[in-house]
Chemist: 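Sending over a structure as structure tokens; questions will come in a sec.
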Amino acid sequence: MPTYTAPTRDMRFVVNEMLDLASYGNLPGFENATPDMIDTIINESGKFCAEVLAPLNQSGDEEGCTRHEDGSVTTPKGFKEAYASYVESGWGTIAKPEEFGGQGMPHVLGFAVEEFMGTANQAFGMYPGLTNGASSAIEVAASQELKETYLPKMISGEWSGTMNLTEPHCGTDLGMIRTKAEPQADGSYAITGTKIFISAGEHDLTTNIIHLVLAKTPGAPDSSKGISLFIVPKFTLDENGEPGERNAVSCGSIEKKMGIHGNATCVLNYDGATGYMVGEENKGLAAMFVMMNAARLGVGMQGYAQAEVSYQNAVTYALDRRQGRALTGPSEPDKQADPIFVHPDVRRMLMDAKVFNEGMRALCMWGALQVDLTHKAQTEEERQLADDLIGLMTPVIKGYGTDKGYDIANNMQQVYGGHGYVKEWGMEQFVRDSRIAMIYEGTNGVQAMDLCGRKLASKGGRAIQAFFAMIDEEIASAKLNTATAEMAEKLEKALGEQKAATMWFMNNAMANPNHLGAGAHHYMHIMGIVTLGLFWLKMAKTASAALEGAPVDAAFYEAKMTAASYYMERFLPDAGALRRKLEAGSEHMMALPEEAFATAA
């Protein structure tokens with residue numbers, strides 16, 4: 001059975017040392033985030049996830065969710081009790097507003113808990129994860145009455161939430177949705193239609209499920225400009241605000257999926273269900289994007305979360321499994337064979353996993369900090385910069401993070417050889433579970449086009465210029481330190497590749513938009529590689545400074561320096577190759593007629 005240990009030491013390094021979260025104590029919500037409080041939240045949530053959630057991961061996958069004849073759904077054995085413990089511990093309230101029962105702490109700490117939960121048990125973590133996204137959209141867009149009605153119990157975890165976008169005939173192109181919202185005399189709406197792929201759409205963990213549903217009112221434009229957003233509770237509320245009558249929404253079926261079996265992915269049928277409009281009519285997509293953007297950051301974390309747990313188990317296996325001898329001579333001559341850990345190709349896979357996971361952790365926690373600064377930084381200029389940067393980075397975190405996270409999970413399965421292909425060892429589940437992250441919340445091709453087709457040019461390229469300036473400043477600083485100067489030079493070269501690729505798009509994409517489409521995936525990966533290089537440089541600078549004080553755990557910081565050097569040597573050169581692919585354009589990619597793709601008999 002696979003195991004999981006929450007990487008609390010590394011998380012504390014990122015949050016307390018690299019980000020220096022305590023230095024933001026003058027901002028609203030940060031005043032209670034002292035180093036001691038941060039350590040307590042990280043350590044205790046890590047312990048909860050490792051001890052309570054991780055043991056349910058493999059059994060939950062094997063059992064899956066069960067739909068009954070009445071349309072109700074039960075989650076795997078142990079999930080309901082684990083969820084009750086999660087609610088009692090208050091882990092879901094950390095970064096939520098105090099006005100509605102939250103603790104009002106920085107999003108960084110909420111994201112740390114979310115990482116541990118998703119790594120320990122991705123299917124379980126999706127239940128509170130969807131609730132978190134739904135409550136975020138309600139916080140931003142709903143009326144005060146709706147906020148007061150639904151948020152306290154969603155934030156406490158007594159009720160859960162979902163997002164309902166996709167329909168059988170449309171996914172990304174939401175302007176094609178057919179779900180209808182008919183206005184009623186009492187100000188509510190009757191919602192009719194079918195939604196598919198609804199994660200956590202029906203279950204037995206909470207007393208009510210608050211669905212956020214996209215639908216069109218009569219006469220609305222037949223496009224994305226005609227979409228409205230509605231709260232549709234599983235149970236309508238009585239005069240005391242408690243679940244009353246069953247609403248006309250039901251689970252038609254549970255999707256039979258490749259992975260995340262412990263989460264109920266439902267087809268939901270709305271048959272005149274009572275709903276309440278969130279925000280303005282025909283402005284629902286903008287409100288839902290609040291939830292979608294939060295979800296995309298969460299899915300980016302899922303990418304490296306599965307890479308992390310598969311890496312931990314692969315390390316354990318590589319230290320135990322014996323095959324052959326080290327190329328430089330037997331490492332343990334008294335044994336029949338050496339552990340496979342001594343073989344460079346195994347080390348290659350393990351090192352790739354280590355530097356990706358730790359780099360993505362640093363990026364995602366920094367991203368969470370930008371979410372906080374967007375609303376709480378002292379000046380409008382600082383708030384604008386944070387908003388620009390996290391908007392730019394969201395498709396990279398989701399797209400590159402899950403592409404690479406899946407690759408890492410595959411490689412960690414490879415470390416096991418034949419045992420990795422056998423269910424008992426658990427590695428194949430990590431691969432299956434990680435695969436969905438490349439698809440949902442906008443496929444990674446959509447993320448690449450969002451980055452290149454929208455974000456790069458937005459507001460005159462303000463965000464990408466701020467991104468370049470941020471890295472240039474970090475490189476200049478690192479060059480002044482002999483311990484990081486060579487790393488800075490390698491990153492500078494890779495950044496040059498990204499700048500050149502950006503300029504190529506500017507010079508060629510207007511004349512032929514297919515050039516942009518053909519190169520978007522490559523550009524997203526270039527940016528992911530460069531961005532992780534930035535955070536490895538930041539971590540190396542932090543570790544170098546710590547080593548000057550001769551810390552007790554010097555080995556931890558020395559490992560950071562070695563890992564940073566490995567990343568710069570082994571990952572950054574790929575930026576140049578990807579740039580050359582991008583600059584090949586779309587001519588030959590789009591040249592063949594459709595019939596040329598058919599297989600001849």
Chemist: Can you label the angle between the F124 ring and the Y83 ring as parallel, tilted or perpendicular, going by 30° and 60°?
Modeler: tilted
Chemist: Can a salt bridge be assigned to the pair K423 and E428 using a cut-off of 4.0 Å between side-chain N and carboxylate O?
Modeler: yes
Chemist: For T206 and E158, which I'm curious about, is there any donor-acceptor pair between the side chains at under 3.5 Å?
Modeler: no
Chemist: Going by the salt bridge (Lys or Arg N to Asp or Glu O under 4.0 Å) test, name the single residue among R12, R9, K560 that passes it with E17.
Modeler: R9
Chemist: How are the rings of H419 and W425 set to each other: parallel, tilted or perpendicular (split at 30° and 60°)?
Modeler: tilted
Chemist: Is the ring pair W91/F48 parallel, tilted or perpendicular, if the boundaries are 30 and 60 degrees?
Modeler: tilted
Chemist: Quick check for you: to the nearest 0.5 Å, what is the distance between N132 atom CG and S160 atom OG?
Modeler: 12.5 Å
Chemist: Are side-chain N/O atoms of N411 and D352 paired as donor and acceptor at under 3.5 Å?
Modeler: no
Chemist: With under 30° as parallel and over 60° as perpendicular, where do the rings of F30 and Y24 fit, or are they tilted in between?
Modeler: tilted
Chemist: With a 3.5 Å cut-off and no angle check, do the side chains of N269 and T194 form a donor-acceptor pair?
Modeler: yes
Chemist: Between E139 and K96 (salt bridge meaning N to carboxylate O under 4.0 Å), is one present in this structure?
Modeler: yes
Chemist: Side chains of T162 and H211: do they bring a donor and an acceptor to under 3.5 Å?
Modeler: yes
Chemist: Between E167 and K195, is there a side-chain N and carboxylate O pair less than 4.0 Å apart?
Modeler: yes
Chemist: Quick one: do K153 and E148 make a salt bridge, cutoff under 4.0 Å?
Modeler: no
